[in-house]
Amino acid sequence: MEVELYTIKQAATLINGLSEHAIRRMIKEGALRTIKVGNRQLVLKGDLYELVMGKDKYKSR
């Protein structure tokens with residue numbers, strides 16, 4: 001099973017209307033999971049999909 005990962009910059013580019021700062025805030029608050037590779041945080045594609053589709057923890061706060 002292959003997992004697709006995006007950098008914070010790539011995630012912000014994919015989701016119009018969200019800045020890198022907003023994505024970092026969601027990560028810090030636990031709304032988006034990341035995988036740390038070296039010193040980079042990578043966002044899971046599935047979590048981005050849920051965010052766009054409105055099934056995220058962030059909106060329920």
Side-chain angles (χ1 to χ4, degrees):
M1 173 187 238
E2 237 178 83
V3 176
E4 289 189 54
L5 303 168
Y6 298 110
T7 64
I8 292 171
K9 186 174 186 172
Q10 290 171 326
T13 301
L14 288 171
I15 302 175
N16 294 332
L18 279 182
S19 66
E20 290 179 46
H21 176 75
I23 290 182
R24 283 189 183 94
R25 186 179 68 240
M26 287 185 242
I27 291 167
K28 184 177 179 180
E29 293 177 355
L32 277 176
R33 294 181 298 165
T34 60
I35 294 175
K36 192 159 183 168
V37 178
N39 64 347
R40 298 185 323 168
Q41 289 184 306
L42 301 175
V43 180
L44 297 161
K45 178 184 178 180
D47 288 358
L48 283 177
Y49 176 79
E50 288 180 4
L51 176 71
V52 171
M53 298 306 290
K55 299 176 186 174
D56 64 303
K57 297 183 277 184
Y58 189 72
K59 288 185 179 180
S60 64
R61 289 184 180 188

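These numbers were taken from a predicted model, which means no experiment stands behind them.
- There is no path of hydrophobic side-chain contacts, each under 4.5 Å, that joins Y6 to L42.
- Partners of K28 by side chain to side chain contact (heavy atoms under 4.5 Å, CB included), not counting sequence neighbours: none found.
- Listed by chain and residue number, L18, L48, L51, V52 satisfy the side chain to side chain contact (heavy atoms under 4.5 Å, CB included) test with I15 (two or more places apart in sequence, or in another chain).
- Under a hydrophobic clustering in which Ile, Leu, Val, Met, Phe, Trp and Tyr are joined whenever their side-chain heavy atoms come within less than 4.5 Å, directly or via other members, L14 and V43 fall into the same cluster.
- Under the 4.5 Å side-chain criterion, counting only non-hydrogen atoms from C-beta, I27 is in contact with I8.
- Interatomic distance, M26 CE to H21 NE2, rounded to the nearest 0.5 Å: 10.0 Å.
- The backbone N or O of T7 lies less than 3.5 Å from a partner atom in the side chain of Q10, making a donor-acceptor pair.
- The minimum heavy-atom distance linking A12 with S19 is given by the pair CB-C, 4.0 Å.
- Here R40 pairs with nothing under the salt bridge (charged side-chain N to carboxylate O under 4.0 Å, His left out) rule; sequence neighbours left out.
- Cluster membership for V3 and L32, using ILVMFWY side-chain heavy atoms within less than 4.5 angstrom, is not shared.
- Atoms CG and CZ, on L44 and R33 in that order, are 5.0 Å from each other to the nearest 0.5 Å.
- Distance check: K45 NZ to E2 CD gives 10.5 Å after rounding to the nearest 0.5 Å.
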